[in-house]
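Only one structure is covered here, and it is reproduced in the block below.
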Amino acid sequence: MNAPSLDELAPFSVSFAELSIACSLSVAELQELVEYGALQPVDATQAEPAFAISYLEPLRTAGKLRLDYDLDLFVVVIVMDYLNRIEQLETQLRSLQAQSMSAH
């Protein structure tokens, strides 16, 4: 099972300002994360970008780690990649476990 696309998550999106408040990162820092490719707006053509709500948890965690350990912003990008990958693997594992249970 593949993760939903950003377009499918459009109804579940947050603005730059909302994301900034929720994750304790400035709008400038979030913009830098967009430039690094760590954040992708749901619709890049909009004047006010919105982001999939699925960014909230990994960005909160990465932002907290950044503050706790005084990490550079590019390290946040790496941490977010790992957090997203862990989430994908956990989702795959749950799916495989459910398939295994239904096969028995």
Heavy-atom check, side chain of [X] versus side chain of [Y], under 4.5 Å:
X	Y	result
Gln31	Phe16	yes
Val79	Thr61	no
Leu56	Cys23	yes
Val75	Arg66	no
Leu59	Leu39	yes
Leu25	Leu33	yes

When you group the ILVMFWY residues by side-chain heavy-atom contacts below 4.5 Å and let the links chain together, are [Y] and [X] in the same group?
X	Y	answer
Ile78	Tyr69	no
Val34	Phe74	yes
Leu67	Ile21	no

- Report, as yes or no, whether the 6.0 Å neighbourhood of atom OH on Tyr36 holds more than 12 heavy atoms from other residues, nucleotides or ligands. yes

- Residue pair Ser15, Glu48: steps toward the side chain to side chain contact (heavy atoms under 4.5 Å, CB included) verdict: CA-CA 7 Å; Ser15 70; Glu48 177 64 32; 4.2 Å; yes

- Message: I'd like to know whether Leu96 forms a side chain to side chain contact (heavy atoms under 4.5 Å, CB included) with Gln99, so could you lay out the CA-CA distance, the side-chain angles of the two residues, the decisive distance to 0.1 Å, and finally the verdict.
- Response: CA-CA 5 Å; Leu96 290 171; Gln99 288 174 6; 3.9 Å; yes

- Query: Do you know the tightest heavy-atom contact between Val14 and Glu18?
  - Reply: CA-OE1, 3.2 Å

- Task: Would you name the heavy atoms of Pro58 and Leu83 that are closest together and state the gap between them?
- Result: O-CD1, 3.5 Å

- Message: Between the side chains of Asp81 and Arg85, is the shortest nitrogen-to-carboxylate-oxygen separation below 4.0 Å, so that they form an ion pair?
- Response: no

- Item | Arg94/Glu87 ion pair, N-O < 4.0 Å | yes

- Apply side chain to side chain contact (heavy atoms under 4.5 Å, CB included) to the pair Tyr55 and Gln40, showing each step before the final yes or no. CA-CA 9 Å; Tyr55 282 123; Gln40 296 178 353; 3.6 Å; yes

- Message: Taking Phe51's backbone N and O only, do any of them form a donor-acceptor pair with Ser13's side chain (distance below 3.5 Å, no angle check)?
- Response: no

- Is there a donor-acceptor contact under 3.5 Å from the side chain of Asp43 to the main chain of Thr45? yes

- d(Arg60 CZ, Leu19 CG) to nearest 0.5 Å is 9.0 Å

